[in-house]
Amino acid sequence: MRSVTYSMAVSLDGYVVGPDGSFDWSSPDQEVFNLATDEVRRVGVHLLGRRLYETMLYWETADQNPSLDYSTLEFAALWRGLPKLVFSTTLSAVQGNARLASSGLADEIERLRAEPAVGDIAIGGATLAAEAAALGLIDEYRARVYPVLLGGGRTFFPLASIG
């Protein structure tokens with residue numbers, strides 16, 4: 001059975017997005033970027049919320065920029081080829097190797113777990129991951145901790161599930 005993995009950058013005080021909605025504090029160095037690339041290699045499908053999907057659209061065409069280094073081009077190729085399932089109530093269409101979810105998160109994960117496909121199910125976006133966590137659907141948490149304090153924003157772990 002395929003496992004569901006939630007992997008995100010997180011500040012020392014537990015936030016994945018700052019109070020202003022930004023995550024520019026989490027730009028990876030080469031070592032962390034290589035780690036993220038290795039994680040994507042092991043993924044069979046990536047579940048995304050609308051905001052993360054829109055942020056990651058950059059990678060659908062990044063390989064068309066000849067000035068990018070090899071590792072960046074490699075990540076772009078891996079990401080573009082990766083099947084993506086987007087959960088959104090506002091989007092009517094998605095681009096690239098993506099499709100809009102047609103049922104709820106639990107039903108989609110149950111269907112994906114049952115498929116005889118290769119690779120884990122990755123989940124990204126704090127809101128979508130919080131929903132999956134509340135439903136007990138996440139098998140593994142991978143927090144890439146950055147030495148910054150944000151003082152507020154959206155947490156890596158949903159507050160309702162603590163304690």
Side-chain angles (χ1 to χ4, degrees), residues 2-12 14-102 105 108-109 111-112 115 117-133 137-148 150 153-156:
R2 300 165 85 184
S3 65
V4 176
T5 302
Y6 172 40
S7 178
M8 294 269 297
V10 61
S11 67
L12 279 175
Y15 297 97
V16 294
V17 176
D20 62 354
S22 72
F23 52 91
D24 55 355
W25 53 270
S26 65
S27 295
D29 62 16
Q30 191 61 50
E31 184 178 0
V32 173
F33 188 80
N34 291 343
L35 173 75
T37 302
D38 288 341
E39 284 184 353
V40 169
R41 274 192 192 91
R42 294 187 299 269
V43 171
V45 61
H46 204 294
L47 284 58
L48 304 100
R50 180 194 51 83
R51 285 186 295 262
L52 183 59
Y53 164 74
E54 289 175 340
T55 299
M56 296 301 286
L57 276 175
Y58 164 80
W59 294 103
E60 295 294 329
T61 58
D63 63 342
Q64 295 172 13
N65 181 349
S67 68
L68 296 177
D69 63 33
Y70 174 79
S71 63
T72 305
L73 292 171
E74 179 185 26
F75 181 87
L78 289 167
W79 183 260
R80 191 179 59 252
L82 179 65
K84 292 165 273 298
L85 181 57
V86 180
F87 291 81
S88 173
T89 58
T90 58
L91 294 176
S92 59
V94 290
Q95 301 172 29
N97 194 9
R99 71 173 179 84
L100 285 169
S102 57
L105 182 60
E108 291 284 1
I109 288 177
R111 183 187 60 73
L112 290 167
E115 287 180 354
V118 176
D120 289 336
I121 301 165
I123 191 164
T127 303
L128 187 63
E131 182 182 344
L137 299 173
I138 298 178
D139 300 304
E140 183 178 352
Y141 292 85
R142 295 180 188 157
R144 293 188 301 272
V145 180
Y146 284 69
V148 299
L150 298 178
R154 186 169 302 276
T155 59
F156 180 83

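For the numbers below, each heavy atom of this structure counts, side chains included, while hydrogens, waters and symmetry mates do not. Note that the coordinates shown come from a computational prediction; the quantities given were computed from them, not determined experimentally.
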*With a 4.5 Å heavy-atom cut-off, do V45 and L82 have their side chains touching?*
no
*asked:* E54: which residues meet the salt bridge (Lys or Arg N to Asp or Glu O under 4.0 Å) condition with it, sequence neighbours left out?
replied: R50
*Hey, could you give me the OG/CZ distance between S102 and R111, rounded to the nearest 0.5 Å?*
7.0 Å
*Nearest heavy-atom pair of A143 and V10: which atoms, and what distance?*
CB-CG1, 3.6 Å
*Distance, nearest 0.5 Å, that separates OG1 of T5 from CD1 of I138*: 9.0 Å
*Taking atom types as modelled and ignoring hydrogens, do the side chains of S71 and Q30 form a donor-acceptor contact shorter than 3.5 angstrom?*
yes
*Contacts of E131 that satisfy salt bridge (Lys or Arg N to Asp or Glu O under 4.0 Å) - sequence neighbours left out*: none
*Return the set of residues passing salt bridge (Lys or Arg N to Asp or Glu O under 4.0 Å) with E39 (not counting sequence neighbours), or none when no residue passes.*
R142, R144
*For the atom pair CG (L48) and CD1 (I123), what is the distance rounded to the nearest 0.5 Å?*
9.0 Å
_For L100, side chain to side chain contact (heavy atoms under 4.5 Å, CB included) partners two or more places apart_ = V86, S88, L91, V94
*Mark yes or no for whether D63, through its side chain, and A77, through its backbone, hold a donor-acceptor pair below 3.5 Å.*
no
_Distance-minimising heavy-atom pair for A62 and A76_ = CB-CB, 3.9 Å
*For D120 and V43, indicate whether the former's side chain and the latter's backbone hold a donor-acceptor pair under 3.5 Å.*
no
*Any sub-3.5 Å donor-acceptor pair from D20's side-chain atoms to S22's backbone N or O?*
yes
*Counting N and O atoms only, with roles assigned by atom type, does the side chain of R2 sit under 3.5 Å from a partner on the main chain of G119, one being a donor and the other an acceptor?*
yes
*asked:* Applying side-chain contact (heavy atoms from CB on, under 4.5 Å) to E108 and L105, what does each step give before you reach the verdict?
replied: CA-CA 5 Å; E108 291 284 1; L105 182 60; 5.5 Å; no
*Between L68 and L73, which heavy-atom pair has the shortest distance, and what is it?*
O-CD1, 3.6 Å
*Is there a donor-acceptor contact under 3.5 Å from the side chain of K84 to the main chain of W79?*
yes
*Reported CG-to-CG distance for the pair L35 and D29, which is rounded to 0.5 angstrom*: 10.0 Å
_All salt bridge (Lys or Arg N to Asp or Glu O under 4.0 Å) counterparts of D69, not counting sequence neighbours_ = none
*Would you check if the side chain of E140 reaches a backbone N or O of Y6 as a donor-acceptor pair within less than 3.5 Å?*
no
*Taking atom types as modelled, find out whether R51 and T127 have a side-chain donor-acceptor pair closer than 3.5 angstrom.*
yes
*Show your working on side-chain contact (heavy atoms from CB on, under 4.5 Å) between L57 and E60 and close with a plain yes or no.*
CA-CA 5 Å; L57 276 175; E60 295 294 329; 4.1 Å; yes
*Not counting sequence neighbours, which residues clear ring pair (Phe, Tyr, Trp, His ring centres under 6.0 Å) with F75? List them please.*
F33, W59
*Out of curiosity, I121 CD1 to H46 NE2, how far, rounded to the nearest 0.5 Å?*
11.5 Å
*Looking only at heavy atoms, what is the nearest atom pair of M8 and A126, with distance?*
CE-N, 4.4 Å
_Y70 atom OH, neighbour heavy-atom count above 12 within 6.0 Å_ = no
*About how many Å separate OH of Y146 and OG of S11, when rounded to the nearest 0.5 Å?*
11.5 Å
*Evaluate side-chain contact (heavy atoms from CB on, under 4.5 Å) for F23 paired with V16, printing each intermediate quantity in order.*
CA-CA 7 Å; F23 52 91; V16 294; over 6 Å; no
_Shortest non-hydrogen contact from A98 toward Y53_ = CB-CE1, 4.2 Å
*So do the side chains of L85 and L112 get within less than 4.5 Å of each other, counting heavy atoms only?*
yes
